[in-house]
Number of protein chains: 2
Amino acid sequence: MGVKDSKTEQLIKDTAKRLFLTEGRMLATTQDIADAAGVNRTLLHYYFRSRDVLFDLVFKEALRELRERIQSVMLSTAPFREKIENLINVFFEELIKSPYLETFIVLQMNQDPGKYEELFRTLPGGEQKMKIFFKEIQAEMDKGTIPEMKPIHFFMNFFSLMAYPFVARPIYEKMFDLNDAAFKKLVRERKKVILLSLFKNHEV
Amino acid sequence: MGVKDSKTEQLIKDTAKRLFLTEGRMLATTQDIADAAGVNRTLLHYYFRSRDVLFDLVFKEALRELRERIQSVMLSTAPFREKIENLINVFFEELIKSPYLETFIVLQMNQDPGKYEELFRTLPGGEQKMKIFFKEIQAEMDKGTIPEMKPIHFFMNFFSLMAYPFVARPIYEKMFDLNDAAFKKLVRERKKVILLSLFKNHEV
DNA sequence: GTATTGTTTGACAAAATTGTTAAACAAAGG
DNA sequence: CCTTTGTTTAACAATTTTGTCAAACAATAC
C-alpha cells in the first residue's frame with residue numbers, strides 16, 4: 001500500500017466538501033480540488049471516477065446530515081419553545097460548518113430539478129411527522145404564544161430568520177462594513193432575536 | 001444595416017438576463033445564450049467582446065436597478081409602516097422578475113470578492129441615509145410598535161422574511177409538494193404574514 | 001526476494017468552451 | 001451602381017477542463 005494509505009479518498013472528499021460548502025467555491029475544478037488537497041489530480045478520478053460523482057456525493061452527504069439533525073430535533077418530545085431553541089442551535093452549527101449548503105441546493109435544484117428529489121421527499125413516515133410538528137405549531141397559536149398564521153408560514157418565517165443572514169452574508173459585510181468577528185457577533189445575537197421575533201411574548 | 005438592426009444587442013442582453021436571473025441558469029454557456037436568443041454565437045462576442053463582460057453587465061444592471069428602487073422607497077417620507085409595506089411590494093416585484101438575483105450575488109461575491117464592491121458601498125450620502133432609516137426603526141421601538149433589538153437585526157429580519165422563501169423556493173416546492181400556483185399563493189399571503197411578524201401589534 | 005495488491009504519477013487524449021478572423025451580406029448615401 | 005458602414009456568418013484557433021492509460025511505486029504476503 002502507498003504511504004498515504006486509504007486516507008487519500010477521505011482527504012479528497014473532505015477537501016471538496018470544504019471548497020464547495022464552506023468556501024462557496026462551487027465551480028472549483030478537479031485541479032483546484034487536487035491542489036487544495038495536495039494530491040495528484042488523477043487520484044480524484046481513481047477514487048471517484050468523475051467530477052460529477054464526487055460533486056453529488058458531497059452534496060448528498062451534507063444534505064442527508066443536515067436533514068437528519070433537524071428531523072431528530074423537530075420530532076423530539078421537548079416542549080415547543082425548547083424545541084425551537086434546539087433547532088436554532090443545530091441549524092446555526094450546520095450553517096457555520098457549511099454556509100453555502102443553502103445556495104448550493106438552490107443552484108443544483110435548478111440546474112437539474114428532480115435529480116435530488118429523493119432527498120427532499122418526506123421519508124416514509126416523514127410526512128406524518130411533519131404534520132405532527134405543524135400541529136404543535138397550531139397548538140401554540142391556540143395558546144396565544146405565537147401569532148395566528150398558517151403553520152407553513154411560521155415554518156418559513158423560522159427558517160428565513162435563521163438561514164438568510166448566512167446566504168446574504170457577503171452582502172451584509174459590504175453594506176455595513178462588517179469583518180468576520182463583527183458578523184459572528186451578530187449571528188450570536190440572533191439566537192435571541194429570532195426567539196423574540198417568533199414569539200408573541202416579546203420578552204426573553 | 002442588417003435586417004435585425006441594433007435590436008440584436010438588446011435581445012442578447014435580455015436573453016442573458018432571463019437565463020441568469022429568472023431561470024437561474026448561471027452556468028449557461030455563450031452557445032446556450034445565443035441559442036436562446038436565436039442568434040449566432042459570434043454576435044455575442046461582437047457586441048460584448050467576451051462572456052465575462054456580458055455577465056458583469058447583466059449583473060450590475062440588475063443590482064443597480066434593485067438598489068435604486070429599494071432606496072427610493074426606503075428614503076421616502078411615508079410613515080414607517082407604510083414604508084415597510086411599500087418595500088415589501090417593491091421587493092416582491094423585483095424578486096418575481098429576478099428570483100435568482102440573490103443567489104447570483106452571493107456566488108459572485110464569493111468567486112471574486114471586491115469585484116462588485118462599489119455596488120454595495122453606500123453611495124455618497126448613502127450611509128447618512130441608512131442611518132436615517134435606522135433612526136426611524138429605533139423610533140418605532142421607542143413607540144413600542146416593534147420589539148426592542150438593534151436596528152440592524154430588524155433590518156436583517158425584514159429582508160430575511162422577504163427574500164428567503166424565494167431563495168429556497170425549490171426546496172419548499174419539493175418538501176411540501178407545491179406547484180407554481182400554490183407557491184405564488186403562499187407568496188401573496190406572505191405580505192400580511194411579514195407585517196404580522198415584524199410588528200408587535202399582532203393585528204392587521 | 002518475488003509476486004500481489006492497491007496507490008500514485010506524468011503523459012496523453014478527448015471534450016467542451018471561449019475567442020478570433022476573414023469573408024458574405026444588407027442597408028443607405030452619394 | 002458603387003462605396004461605406006455596420007451586421008452576420010462559418011470556419012478556425014486557443015484555452016480550459018475533464019477523463020484515460022500505462023508505467024512507477026510502495027507495502028505486505030508468500
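Owing to the predicted nature of the structure, the values given are computational and were not obtained by experimental measurement. Convention: sequence-line order gives letters A, B, ...; per-chain numbering from 1.
Computed from coordinates, the A:I12 CD1 to C:dT9 C1' distance equals 13 Å when rounded to whole Å. Here C:dG10 presents its C1' atom at 16 Å from CG of A:L44, a figure rounded to the nearest Å. Between the P atom of C:dT8 and the NZ atom of A:K7 lies a distance of 10 Å, rounded to the nearest Å. Computed from coordinates, the B:L43 CG to C:dA24 P distance equals 18 Å when rounded to whole Å. With rounding to whole Å, B:F48 atom CZ is found 16 Å from C:dT20 atom P. For the pair A:Y46 OH and C:dG6 P, the interatomic distance rounds to 7 Å; values are reported in whole Å. Distance, B:H45 NE2 to C:dG19 P: 4 Å, rounded to whole Å. Separating the CZ atom of A:R41 from the C1' atom of D:dG19 is a distance of 7 Å, rounded to the nearest angstrom.
For the pair B:E136 and B:K83, the salt-bridge criterion is met [side-chain N within less than 4.0 Å of a carboxylate O]. Of the charged side-chain nitrogens involved, at least one lies within less than 4.0 Å of a carboxylate oxygen, so that B:E61 and B:K17 count as a salt-bridged pair.
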Extract from the structure each pairing of a protein N or O with an N or O of nucleotides 14-17 of chain C at less than 3.5 Å, listing the distance.
none

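The residue among A:T42 and A:A28 whose nearest nucleotide of DNA chain D is located toward the 5' end is A:A28.
For B:N40, taking side-chain heavy atoms from C-beta onward, the closest of the listed nucleotides C:dT7, D:dG19, D:dA10 is D:dA10.
Remark: B:Y47 is not in phosphate contact with D:dG6, judged by side-chain N or O atoms under 4.0 Å from OP1 or OP2. Taking side-chain N and O atoms only, B:T8 has a distance below 4.0 Å to OP1 or OP2 of D:dT8.
For B:D52, there are no side-chain hydrogen bond (donor to acceptor under 3.5 Å, both in side chains) partners, not counting sequence neighbours. Contacts of A:E148 classified as side-chain hydrogen bond (donor to acceptor under 3.5 Å, both in side chains), with partners at least two apart in sequence or in another chain: none.
Inspection of the A:N89 and A:E93 side chains reveals no N or O donor paired with an N or O acceptor under 3.5 Å.
Aromatic pair A:F20/A:F59: centroids not less than 6.0 angstrom apart. Taking the six-membered ring for Trp and the full ring otherwise, the centers of A:F104 and A:F55 sit less than 6.0 Å from each other.
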